A.B. asks: 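Right, I'll just put the structure down here and ask away after.
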Amino acid sequence: MKIVTKIWEIRQEIQKATNKNNTVGFVPTMGYLHEGHLSLMRAAKAQNEIAVASIFVNPTQFAPNEDLEKYPRDLERDASLAQKAGVDLLFVPAVEEIYPNGFNTYIEVCGDITSKLCGKSRPGHFKGVTTVVSKLFNIVLPDKAYFGQKDAQQVAVIEQMLRDLNYDIETVVCPIVRESDGLALSSRNVYLSEQERKDALILSQSLLEAEKMIQSGNQYVHQIKDFIWENIRSAKSATIDYIEIVNTKTLEDIDTIKGDVLIAIAVKIGKTRLIDNLKMEVL
Ligand code: PAF
């Protein structure tokens, strides 16, 4: 695996690697890799000749009051994990490489898709995500890009951007990877204390119970929401940010549990904001 930090270098390496019609699978990340990221990297390598990953803690997707400074970083460990997962090229640019002096162009997907759920509590977040993802796509020119289902809204927003801006890139969305007790993997899980780690299980447990309610025929959005709300409130350190039930692709509100259903939740456990979701196809 080759590690490069400059845009000209990654372009050169990709050009060399793709002159035999090789396809490129790309996994953009912010590092501090866990099994969720590694599953994306393995899929990228299995489905393409060349697997490229990036590690870049993108400042434009953090609000001033968020955890940009303390976001966990460990490049040496990440590089070793990425290599084992089959990554051929690892792009690790500095902030000035992506946002040089004078940078002044942003990509913003407008409307409900970015202004609700996480977009409501983190204004500007998705503008930062689409700007950096768009730049990374222009640099790497991948055939396929790999994202985790855990960031369901991010997936919907990026897919809208790809359609709207005519990018010829296919997204591959890989399932949420969980600890054996159900907690969805996240780089931010390291912030949790021992007690908070236990309390955090309330997210996946509530989604699992909601799934059972739906499977046994409950189609009432408000009943499912109320149930999740009450359940999560029972955990001492939990503060609910949102519990939403929407259409998976458009993120529009739904009246009944039918079709492509996404139950998306964001909860602060102590000071750590966690997200989780459940995607279902209900006939
Ligand atoms: O999901 C993430 O880690 C980030 O939002 C992404 C897609 C790498 C953009 O910075």
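The structure presented is a predicted model; accordingly, all values stated were derived computationally and were not measured. Read the numbers this way: they start at 1 and go in the same order the structure lists the ligands and their atoms.
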A.B. asks: Can D67 and R188 be counted as an ion pair, charged N to O under 4.0 angstrom?
C.D. replies: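 Result for this pair is yes, salt bridge flagged.
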A.B. asks: Atom 5 (O) of ligand 1: which protein heavy atom is closest, and how many Å away?
C.D. replies: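 Result for atom 5 (O) of ligand 1: Q154 OE1, 2.7 Å.
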A.B. asks: Just checking, R11 and F91: is the charged tip under 6.0 Å from the six-membered ring centre and within 45° of the axis?
C.D. replies: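 Here R11 fails the 6.0 Å and 45° test against F91.
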A.B. asks: Counting heavy atoms only, which of K150, M30, Q61 is nearest atom 9 (C) of ligand 1?
C.D. replies: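 Ranked by closest heavy atom to atom 9 (C) of ligand 1, first place is Q61.
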A.B. asks: Taking 4.0 angstrom as the limit and counting only heavy atoms of V132, give me the atoms of ligand 1 inside it, by number and element.
C.D. replies: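 Numbered from 1, ligand 1 contributes 9 (C), 10 (O).
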A.B. asks: Hey, is D181 close enough to R197 for a salt bridge, meaning N to O under 4.0 Å?
C.D. replies: yes
A.B. asks: Establish, yes or no, whether the cationic atom of K116 lies under 6.0 Å from the six-membered ring centre of Y242 and within 45° of the ring axis.
C.D. replies: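 Judged by the rule (NZ or CZ under 6.0 Å from the ring centre, within 45° of its axis), K116 is not positioned above Y242.
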